Each structure stands twice: as C-alpha cells, then as structure tokens.
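Written out below as structure tokens is the structure these notes cover.
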Amino acid sequence: MATTAKKSVNVNVRYVTRVEGHGNIVVNVKNGKLEKCELDIVEAPRFFESMLLGRRWDEASLITSRICGICAVGHASASVLATEDAMGIKVSEQTERLRRLNVYGETIQSHVLHVYFLAAPDLLGVGSVVPLVQTHPDVVKRALKLKKLANDMCGIISGRKVHPISMTPGGFTRIPTAAEILYIKERILDCVGDVVATVDLVAALAGKLPNFTRETEYEALYCPDEYALYRGTKLITTDGAECSNRDYKKIVKEKVVGHSSSKHVSNKRSSIMVGALARFNNNWKQLHPKALEAAAKLGLKAPCTNTFYNNVAQVVETVHSAYKALEVCDELLAAGLKDETPEVQVKAGRGVGLTEVPRGLLVHDYTYDDRGVITDANLIIPTGQNLANIEDDFRKFVPEVLDRSQEEITLGLEMLVRAYDPCISCSVHMLDVKFVG
Amino acid sequence: MLPKVLEKSKFAAFATALAGEYQVVGPQLKEQSKAGGETFVFGPVTDGAALRMDYNITLLSPKKYFLPMRETLLKYTTVGHPKAEAVMDTRQRVIVGAHPCDIYATWLLDKVFSTDHKDPNYLSRRERALIIGLDCAKPCDETSFCHDMGTNYVESGFDLMMTDIGEAYFVEIATEAGQALLAKAETREAHNEDFAKRQAFMERKQGGFHKRIPVDTKYLPEILEESYDSLVWEAIGRRCFSCGSCNLVCPTCYCFDITDKLNLDLTSGTRERTVDSCQLDNFASVAGGESFREQRSSRLRHRFFRKAKYIQEAFGRKGCVGCGRCDRNCVAKINSVETYTQIAGSR
Amino acid sequence: MTTLSESPVLQESPYVPRFGTIVESRMLTAQEKFFRIVMEDGRPLDYKPGQFVEVSIFGIGEAPISICSSPTQGGFFELTVRKAGMVTAKMHELNTGDTVGIRGPFGNGFDPAAIKGQNVLFVAGGLGLAPARGLIRWVFDRRADYKDVTLLVGARTPADLLFRDEIKEWQSRPDCQTLVTVDRADETWTGNKGVITRLFRKIKIDPANTFAVIVGPPIMFKFAVLEVLSEGVPENHVICSLERRMKCGLGKCGHCQIRNVYVCQEGPVFTYDFVKKLREGI
Amino acid sequence: MSAKPKLAFFSFASCEGCQLQVINCEDELVALLGAVEIVNFREAIDERRDDYDIAFVEGSITRPEDEHEVKEIRERAKILVAFGACATIGGINAIKNFQPQEKVSQYVYGDQAATFPSYPARPVHDLVKVDLKLHGCPISKSEFLEACKCLLAGKQFTVPNYPVCVTCKLAENVCLYQKGMTCLGVVTRAGCDPMCPTFGNKCIGCRGLIDHPNVNAAFDVLEDLGLTLEEVTKDFTMFDGCHKEITEKK
Ligand SMILES: Cc1cc2nc3c(=O)[nH]c(=O)nc-3n(C[C@H](O)[C@H](O)[C@H](O)COP(=O)(O)OP(=O)(O)OC[C@H]3O[C@@H](n4cnc5c(N)ncnc54)[C@H](O)[C@@H]3O)c2cc1C
Ligand code: SF4
Ligand code: SF4
Ligand code: SF4
C-alpha cells in the first residue's frame, strides 16, 4: 500500500458503454485520498410521471413500457398490476400464467443480452461482441439463439418484447393459441442444452471476476408461491426489513445527496441493492432445482456480497426462468387456452404495482379519478435504487485497486457499473418528490 | 352427371380425405368477440372438422389463393450476368365452401387474367384449383347486396355445388374433376325426396333475398356516367380516409404493385407482387411527383366506376358481386347501396 | 365460364425480362443518358415508334421507357433515360457492354400508316423529344410517304436540349422545317427564346391536311393543343403520348388507368378527341 | 461509399428500444455485421469513432446541449437516419409538450427541477436535415433490415405512405371498429406489420400520420363513437404531438 499512498487518479468516463442510457463515471483520487466518486446520470430527462397525468387507465401500460426498451415487459407488468390494484380488478389464472411466461421471456432475453453481449466481452478481453463473431462463433450463435427464443416467447404472448402490445389491465387483448404455446415449449426444450452450456461458460470464466466484496442490504419482492419475478406479496430485505407492497416507501427511502442530480435510495444503511443478486440472496430457496444446481456449479452461495457475482446470479435466474417457463407452458396446455376478454370496471383509487424486472424491483404507483384518469403517479426504477450502492461500491473498490494502472482502474470501475446492468435511461425519472396533491 | 347426397356427418371425413392429396382450404373461425360476433376466414385445413360450413362470409375471399395478397414473381441473381427465373405456385388445391358471389368473382378474374396478356402466376394457381361451392339460402347479413348484382345464383364456375338439405348436402356435379373428388366421399344416390328438399331450398332462397338498390343495376353504367360531375362524390370523398380497405378486401379488385426485394447478400433477390388499392394517395403518381387522381373524391369515383361500369363494359358482367366486404370494412361507413342510391337520385 | 384448360399456362412468363446488351451509351445532357441496345437472344425487338419497354434492373425495379428509335433503322433500339428515381439512376450507372432486362414492347405506338400522305407537325418539349424521335426518324426514312414535315422542339435551357447534333442535321435538311426554342437562354444561345408555343407564329399550318404530334410535359401539351386547335386542325388529327404510373405493362396492374382505358394497352399514344372525352386524360 | 459502410448509432431522449431492436435481429445480425462496420454503438460496443457514413439517431431533442451534438453528427454523417418515433415525430416524449414545462419538471423533480433543463420534445428533422425516417415505437425490425439493404445497395428506401389499414388487410385481421373498438390505423403510416391490431389492440399511432391524412374524418368517426374532442386529441398526441394538423385541431 505504501506505493499507492500518494497516488493520484483521475477517472472520467464519458458515457459508459454497453449499458443502457448515458452515464459518466467520475473518480478523483488526490494523494491517495478519494475526493470524488460518482456515477453521473446525464441522460436527457423524460418526465414520465408528468406524462401519465391526465391519461386513461388503458393507456398507462402503453406509455410506461416506453420508459425502457429492455424492461418493457416489466414496465407493462408493473403498470397493469398497479391499475388492477387501484380498481380491484381480478385476473384469471390463465392471465397470470401468460404474464409469468412473458416475464420469464424478458428475464432470459435481458440476462442473456447482458451476460453475453455486455459483460462477457470484458471477461474475454475484447471491446464488444463483434470480435467474438470471429473468435467465438459458437458462443455468439448460442447467445443469439437464446435471445431469439426469449424474444419469440414475448412476441407470441404479447406481440413484441420491446413495447408489448396485448398486455392490458384485466388480461390480454389476444390469447395465444395452444399451438403457439406448444411451439414455445418445444423451442425451450430445444434450448436446454444451450442454457447448460451458458452455465458452463460462465463457470469457466467466473474465476476472472474480481474478488470484491462489500456487505450491503439486499432487497427483493417476496412471493410465497414462487421465486418472485412477475409479482409478489411483500418486500423483504436481507437485513430483515419487511413491508407490504403498498407501503413500499417504508423500505424504499429516498434521500437527497449533494453531488448527484438523482436522489439516492436506501433503508437503514447508506445504500441498498436490488437485482438478480439481491433476489438470489433473499429468495434462493425458491429457485427451481435446476437453477440451484447451476448455482452450486457456479459457486454462488447466499449470502453473496461480491457485486460482480450479479452476473452469475443472472445466469442462475436464466436457468430458473427457462425451467419455470416450461412448467407454465405445461400448465397452460393442460388447462387449454380459453378466449377471454379483459373485464374492467373503472373506479377511483390508488394502486401499487411491484414487479421484479431483470435489474431489480420496479414500482408503479398510480392514483385514478372516477373516470379512470391518472391524477398522481410515482415510478421507482431499479437502477435508481442501485445508484447509492454503486457509489458505495466505488468507494470501497477504488482504494483496493489503487496500485493498478489508471486504465485498469477505469476498466474495473466500468465493469463494476456494468455488473449492475444499469438501465440509465429509465433511472433518470425515478425521483419521487411531490409538490402536487 | 346425376347429383349425389352427402350426409353432413360424413362431410368432415370427405374434406379430410381430400386433404391427403390436395391443399384443402375452407371457411374457419378466425375470432369471436362480443361486439363483432364470429368472424371467418378461408384457411388450409388438414382435419375437415375444422371447417365451419355454417359461416356467413369471410374476411377475404378465396381470391387470395389465386391472386395472393403477396407473392413472388421472380427470383434473380445479379452477380456477373443477371439471371432471373419465374416462380410459380403449382400446388393442387381444393377450395371448399365457396359461396356463389365468390364463385362469380372468380369467373370474372379468370376473364381478366386470361384476356390479352395471360397472367401465368394467376392461371397456374387457378388451373390447379378445384372449387366446391356451397349455395346460400339468405344473404350473409344486412350489408350484402348480391341480389342487386345478380350474383346470388351461379350456374357454373365450380366443380361441385353443395346445397344444405337438412341432415345432408345435395351435391351437384359440374365437372369430371368434381366427380373424381366426390369419389372420395361416402355418398349415395339422390332420391326423390332429396330433390324435393333441394327444391324447397331453392324456393326458400327465392324468398330470402331482397333488392336494396332502388334502380335496376343494369342501368348503373349509364347512371354513373351521368353522375360524373355529381357533388355526391365530393361529399362522400370528404369522409373517405383513402385507406384502401375497400379494395383490399374486394373479391374482384385486382390492381397490384411490383417491387424488388434484395437479400442481405445484395446479389440476389426477388420481384414481389402485392395487391394494391386505387384509393391510396400515391397509386397514380409518377416519378416527377404528379398524381393523376389527387382528390379523394376522384379516387372514390374511380372505384365505383370500375365496379359498376368499366368492368361491365370490358367483360360483359358486373365488376361488383355485392358481397358487401368493402362496406363492412369501411371505417368511414361509406356504403355501396347508399352510394348507388344517392347517385341514382342526384343526377 | 372460361375454358381455362384450353389455355395451358404459358411456359414463358411475361414478367420475366429478356436481356439486352448496351452497345452504345452516352450522356445527352446532365440529366439524360442515351442507350442503344441489342437483344441478346438474337430475336430483335419487334416494335413500332412510340411504344415503350419496361427496363429491369434486378434488385431495384422496373421503369417504363419509350423507345426513341425507329424500326426502320435495324436490329437495335434506343432509349433516352432521364434520371428521375431509383431505376433511372441505376441506369445512368450502366455503360456500353452492360446488360439490362427488357420486357415489351408495350403499348400501341404511333401509327405511321395513318398519317401517310399528310403534312406532319411535331411539337416536342423536353423529354418528349425522345418518343417523338422514333416517329421523326421513321418519317425521314420514308420521307416520300409524307408531305410537309415541321419540327418544333423546346427545352428549358440550351443545356437541356436533347439530340443537339441530330437537330442540327434536321435543321440543315431541305425537306423539313425545324425550329428550336429554349425557355431560358444563356450567352451561348443565339436561337429562339421563349416557350414552345411562341414558335407557332413562325410556321404555317394547313389544318385540313396536317397531323400534329404533340409530346411533352402535361402543361406544354395543354397549350400546344390550344394552338393547333385554334389553327383549325381537327381534334382527331392531334396525336399525343401520355405518361402514367405503370407496373406491369400488361393491362392488369391498374396504375396507368384513365377511366376505363389502360394507357399501357390502348396508349400511350392517343388522339386528342379521345383523350378529351376521357376527361381525366390531361 | 466504401466497400464496408461505417454505421454509428446515437441516442437522445429515448428508451433505447430501437437500438435494442437492431440487436434483436438475431437471424440477420451476423450477416449484417459482416456487411457493415459499426464504429459507434454505445449500447453494445466500446468502440467510438467519428468516421461514420451512416448515422442512426434515436431519440427526441429536449435540451440545448443535445442540439450541438446532433448538429455535429449531421456534419460527420453522409446519411442521417432518424431512428424511431422519438426521432422522427417526437414520439412519446412529446406528451409533455402539452403541459407547461415548469409544471412538468416540478412534478417529477421538485425543487431540483432547475437541474434538469428541458424544453418541449422536438423530432430530429426540426434541427438538422434528415435523409431517411424509420418510424415506429419501436422501429420495425423488418423495415430496418429493408432500409439497410437499400442503403447498402445505394437504392432509395421508400417509406410507406399508406395507412396501417393496408397491411392490416394483408394480414387478414378483423378490423377493430367491427369489434366496437377504435383504432388510429386509418391515418397512421404503415410499415409495422400491423403489430397492434394483429394483437387485438388498437393502433396508437406510433408511426405518425401519413402524408395527406383525413384528420377531420378521423375526428368525426371517433367522436361519433362517443369520444370527446379532448380524448381524440389525446389519442393522436400519444406519439404525434408535434404534428401540426393535430396540434392546430386542438
Ligand atoms: C409510357 C411511358 C414512357 C416513358 N418514357 C420515358 C423515357 O423515354 N425516358 C424517361 O426518362 N422516362 C420515361 N418515362 C418516365 C419513367 O418511366 C419514370 O421516370 C420512371 O418510371 C421513374 O422510375 P424510377 O425508378 O427511376 O423512379 P422512382 O421515383 O424511384 O420510382 C420507382 C417506382 O416507384 C414509383 N413511385 C414514385 N414515387 C413513389 C412514391 N412516393 N411512393 C411509392 N412509389 C412511388 C414510381 O411510379 C415508379 O414506378 C416514361 C413513362 C411512361 C409511362
Ligand atoms: S374503405 Fe372506406 S374509407 Fe377506406 S378507402 Fe375505401 S371508401 Fe375510403
Ligand atoms: S383495425 Fe385499424 S388498421 Fe386495421 S383495418 Fe381497422 S382501422 Fe385499419
Ligand atoms: S399498429 Fe400503430 S401503434 Fe402499433 S406498431 Fe403499428 S403504427 Fe405503431
């Protein structure tokens, strides 16, 4: 450490690549002392909460899915859940199943994209997936095959993964046919080998992940029936905190921090983490046995406090989603697909929709008037919740690697940011300050 | 050839048997909705039980099997000396359950595509298709005006024609090919009582259809010609979206567009034909930007003139079969019967 | 009902182009390129002046282009192509030795026999000179069949003038009167200035024995027609060629339809009295 | 253009879903990567070079600082493609154009509103010349691939100027109006393989209006079906809030 005591480092990454949205890393070390350590969000703000004001109940999910192209299904899910909660709409078992299948699709799609396209290049020492086309054609082919499977799942169920069409409060505007569900099932079965190969690939590369641990509070949605993704009944954390969906603010507390244009979220500690690792740490017991097997193979054990292992948790969730999707297909086929028209009785009230999108907990909170028009809206996006945690990670990470070159430190920081799979273009409107109502 | 009787209970087996040898297409349920009721389409089946012979009307007519909404005319490569070859659909098909109006429309298109320049793509499909008609005793719904257009009866244009006589179909055999098809069905001779039942059907049919246009449609060519400058076109044109739906669902419309599509290798590709609509903004515009039917009203007038005048003059029969598909699909609720009634009154 | 079985499906699809080799090509103006083409299969194009072909560039599409030569001249045909869009732009990239797809000829073309023994007045504006040129050359090649021949040629600027060398040759011919004008002159231009209709003041028309062939943009056509009609030329002696959007050339696709007339079949050459009755013609 | 054209992707106020659609072309991606060189694509690769031929610009312009950047891209690119509804017509971002901007910011950012300068969303062609518009929220994969092929072959890509109804008919969909619903497909530009009607939901107009839309007729039809003028306007401004015919109607 003696050699680093007087070191000065200036990291200034304009637009971290291979993440969704524009974020800058600014780290300033002077004479061995960390002066500045920020992830700045420089994305153009988009004001979704304002845009929702005055909009009808059936438009909310269409508008909010446009918050993020990668978690569009997640936003649509949280949105319909919030509207259904506000109006007391009950949905059928078939709807629940189809929505879960859709979320499994999105989870696979997003995790595969992240692991193969955004994170793997770091571990293989290249700048993007493009060179891999030459050097690792099989890997690229497999990634594309899995991604296509996931996209097609969402496509069949809701028309499109990027901005789903048929998901609406009360159900779906189009019900897939039994043949289509059977087709999904066959496609998943055809991809099982690729899922296994993904586990093997990451298991082989996991040794290259930096050994960086920092204990923090991990937060996730909890569902008594299953590993919560699409929905849950309450919020829990690894510190033992717990609250009902509607009381999410008891845990998801926002604080103003001087240096950042975004508000930071935390509970008891200075920061909190959401996402695949947080879900794993909280709910790993509910994973599909095949996913637990994969976790063992990958050396992932709860509680895991190495942020970089978020990628590993994503792989575990990919396995889980694939196998659970198979189960849901079977359930749907056994029950037979029924034509259902969504039934909605418009009512005034407040509703909260919580869902676990690939990057973590997502909150949609709407208040409707008696015409079904939104009068108040609050959206909290996972990356927003992770910001404080990312910076806390920076603060611990930088001193540990100060002996390295500036380039290595920069790469390490970028990888650290990427490990969160941040979704910056949505995170810019996660603030929750209200002066209205 | 003497007619036969096919028990309804044996119909599905017949269609399934045909599906072993041909592509069998027939009416099926597309979807069901509270406000829209049941909607049907023609589609391929392998199991005859999926056919809904009680359908009223389909979204698109069987035309889509002869002049597909999209088809490939040519395949080509451009490396070195360009090479091109025609692409033909040579599938053997049986169209099951075509109503008289759609059969009439097929007759008209046969004329169109075999007069002067023969269209090999259409004819290749058409020559390989057999048609099993299904007679109807009443109009599909309140939009139909087939009786006005004289298309609710057809004498030919089919290989077999089935009439619903209660528990069974009375099957007329019009061609030898039709007879060969029917050999795959378990039929019996038609008895006197079957003939009587069929007679009863025809009587019911006679009373089942009513005319809706107040003038005899044989005068429509003259009436239209006189209406050329009528303000009616202007008035209706204002409501029209120029969306083309009316043309695209029409069983007798046959305008098309041809475009080239390249493959990603950029050295091979296809020339595609897509059905087109004379109602669309750019339909008659040329490279310089000039459009020869710029007004909605003039495009709309062109459509009605084609349907009830130009085609009649060129081929001796009406270009509209009165199926009402255009009207059902018009968001602006522009309605043929109303239009003809208005122009007849506004001269 | 039709007897389709009597019409066995054509072995040769009219949608499959034949191939032609460009044996000569040159720029006529900055916008127009000239091509002389010989059919590869040795079967010459059997055409009349005023007919058109569908030129095919695979991957891009097809464009209808008038044949600007006369069949009296031999086993080739000629095209003048203005860069107007995708196909025509690609054609401009082609040179001698290259191959193009050709379908046709289509349309009725001019009927040189019908105007035999008469005076012929050509009024050609802009690109209209291309289709007119086919008939002009026919008339010159069968000069004895016709009486007085008058050529009025108009272009926007001197630089836009097509076939300048040929026009010079026509101007020097004793057996015809050739007048050229440009809308906007430049310093090199010593000839007539102004729109083409102003040339009518310089010629004499014997209305009863004259056929007027008027080819050019719609706006020119309208005014030129007024001139010849006011001179007393009967409407059925005024001949024009119309442009419409065309896709098939076979009288099916509907794009070129004017009322009940398929321009690609009954046209593009019409007499004015016919076009006038159509009402949507011009 | 050189043998391998250089492509770059940029994004402004958007969800980056259109860029994601590019990565979602799983079947064609490898061939595409073989035919072009991607020199800037922040969402997927590290490389960022400025020597691009074709720039795909996603997102609306909502801040003064973005203007400078989009102008720079325009200067460098030979061809600039406005990519997706946010870029071509303002898209979802333009919803906020109908509220006072201070209120919009304050509602979301409270006392920090000033930290987020933002003005009404503008489509890219409002600031710089756009050579090609690929519409849609998100863009259609098939249209993107068609456009790419044309760009590579030096052929102009024809953006459809006919309404969604045309493709809806080709797909043999039941018209939503027949099911008692409404739909903006009658005046909305096609090119999307009528996703929404095919999946039972109305067309929400994400590709913007066709060139000569009969807006009056659309308002009439929708009002006849019981919608208020305000509701109809809202329908149309979900994506096309920058369109004069609509905003003037209001
Ligand atoms: C009988 C006849 C003779 C002709 N003779 C000649 C001649 O001798 N020389 C000559 O240079 N030209 C001639 N033309 C005109 C020539 O055909 C057009 O300039 C040519 O078709 C343009 O084709 P392009 O592919 O280059 O243009 P593009 O503009 O790229 O057009 C390609 C196709 O798309 C169509 N199109 C144009 N705009 C649109 C749009 N907005 N949306 C959808 N589709 C569109 C066009 O109609 C054309 O079919 C003639 C035309 C006709 C009808
Ligand atoms: S369907 Fe109706 S609105 Fe559409 S073009 Fe036809 S007449 Fe006009
Ligand atoms: S559903 Fe919409 S897009 Fe389709 S035909 Fe009807 S109005 Fe047009
Ligand atoms: S149907 Fe309309 S809203 Fe849906 S994708 Fe197409 S243009 Fe966009």
Side-chain angles (χ1 to χ4, degrees), chain B residues 73-74 76-78 81-86 88 107 110-121 123-124 126-127 155-157 228 253-262 266-269 271 273 276 278 282-288 290 292-293 298 302 305-306 309-311 313-314, chain C residues 1-19 40 54 56-64 82 84-88 99-101 106 217-218 242-265 279-282:
Chain B
L73 295 178
L74 303 180
Y76 49 77
T77 55
T78 58
H81 192 289
K83 278 190 235 8
E85 63 174 314
M88 296 281 170
W107 173 88
D110 290 351
K111 271 275 205 206
V112 168
F113 285 108
S114 58
T115 302
D116 298 331
H117 298 278
K118 296 188 173 27
D119 188 291
N121 295 71
L123 294 175
S124 138
R126 182 65 185 91
E127 283 177 5
E155 256 101 63
S156 57
Y228 189 83
C253 270
Y254 56 89
C255 290
F256 54 81
D257 191 18
I258 299 179
T259 47
D260 276 24
K261 290 245 179 315
L262 276 168
L266 304 182
T267 56
S268 63
R271 187 159 285 172
R273 161 153 88 179
D276 207 341
C278 60
N282 295 117
F283 184 80
S285 62
V286 292
E290 188 157 3
F292 291 95
R293 269 185 298 275
S298 63
H302 186 67
F305 271 58
R306 270 195 76 136
K309 176 174 157 67
Y310 303 152
I311 288 181
E313 287 163 356
Chain C
M1 277 283 157
T2 73
T3 47
L4 278 164
S5 45
E6 287 166 27
S7 74
V9 167
L10 305 161
Q11 291 309 301
E12 227 172 78
S13 165
Y15 295 109
V16 181
R18 294 161 64 198
F19 289 104
E40 266 181 15
E54 285 281 353
S56 221
I57 308 274
F58 293 113
I60 311 289
E62 291 188 305
R82 173 179 289 175
M86 292 187 278
V87 175
T88 48
T99 307
V100 284
F106 297 120
L242 299 184
E243 185 185 344
R244 283 297 183 274
R245 182 147 172 186
M246 283 174 192
K247 284 293 177 183
C248 66
L250 308 168
K252 311 274 188 258
C253 80
H255 289 272
C256 71
Q257 229 187 351
I258 307 176
R259 305 266 263 142
N260 57 341
V261 172
Y262 281 88
V263 174
C264 71
Q265 301 299 297
R279 301 192 52 186
E280 290 173 15
I282 336 152

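The chains referred to below are lettered A, B, ... by the order of the sequence lines, with proteins before strands, and numbering in each begins at 1. Both backbone and side-chain heavy atoms feed into the values below; hydrogens, waters and symmetry mates do not. Just so you know, these numbers come straight off a predicted model, no measurement behind them.
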Interface moiety of [X] toward chain C, non-hydrogen atoms closer than 4.5 Å:
{"X": "B:F113", "value": "both"}
{"X": "B:F305", "value": "side chain"}
{"X": "B:T115", "value": "backbone"}
{"X": "B:A86", "value": "both"}

Treating [X] as the side-chain partner and [Y] as the backbone partner, does any N or O pair qualify as donor plus acceptor under 3.5 Å?
{"X": "B:R293", "Y": "C:E280", "result": "no"}
{"X": "C:R245", "Y": "B:S285", "result": "yes"}
{"X": "C:K252", "Y": "B:Y254", "result": "no"}

- On the ring face of B:F292, is C:R244 found with NZ or CZ under 6.0 Å from the centre and within 45° of the axis?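 That pair qualifies as a cation-pi contact.
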- Query: Testing C:Y15, C:F58, C:F19 for ring-ring contact (aromatic ring centres under 6.0 Å, His included) with B:Y76, which one passes?
  - Reply: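 Filter result, single survivor: C:F58.
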- Between C:G254 and B:R306, which heavy-atom pair has the shortest distance, and what is it?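 Minimum heavy-atom contact is CA-NH1, 4.3 Å.
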- Query: Between C:G61 and B:R271, which heavy-atom pair has the shortest distance, and what is it?
  - Reply: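 Smallest heavy-atom distance, with atoms named: O-NH2, 3.6 Å.
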Quick one: does [X]'s side chain get under 4.5 Å of [Y]'s, heavy atoms only?
{"X": "C:H255", "Y": "B:D276", "result": "yes"}
{"X": "C:P17", "Y": "B:L74", "result": "yes"}
{"X": "B:H117", "Y": "C:Q265", "result": "yes"}
{"X": "B:E290", "Y": "C:P217", "result": "no"}

- Query: Are side-chain N/O atoms of B:H302 and C:Q257 paired as donor and acceptor at under 3.5 Å?
  - Reply: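 Yes, because at least one side-chain N or O of B:H302 sits under 3.5 Å from a partner of the opposite role on C:Q257.
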- Message: Which one wins on heavy-atom pair count under 4.5 Å against chain B: C:C256, C:A63, C:G249, C:S56?
- Response: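 The option with the most such pairs is C:S56.
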- Task: Give the member of B:I311, B:N282, B:T78 that has the highest number of heavy-atom pairs under 4.5 Å with chain C.
- Result: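 The candidate making the most pairs under 4.5 Å is B:N282.
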- Query: So which of B:T267, B:I258, B:D260 has the biggest tally of heavy-atom pairs under 4.5 Å with chain C?
  - Reply: B:D260
- CG on B:D119 to SG on C:C253, rounded to 0.5 Å: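 Nearest 0.5 Å value for the SG-CG distance: 11.0 Å.
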Measure distances from [X] to the heavy atoms of chain B and classify the residue's part below 4.5 Å as side chain, backbone, both or neither.
{"X": "C:R82", "result": "neither"}
{"X": "C:I60", "result": "backbone"}
{"X": "C:E54", "result": "neither"}

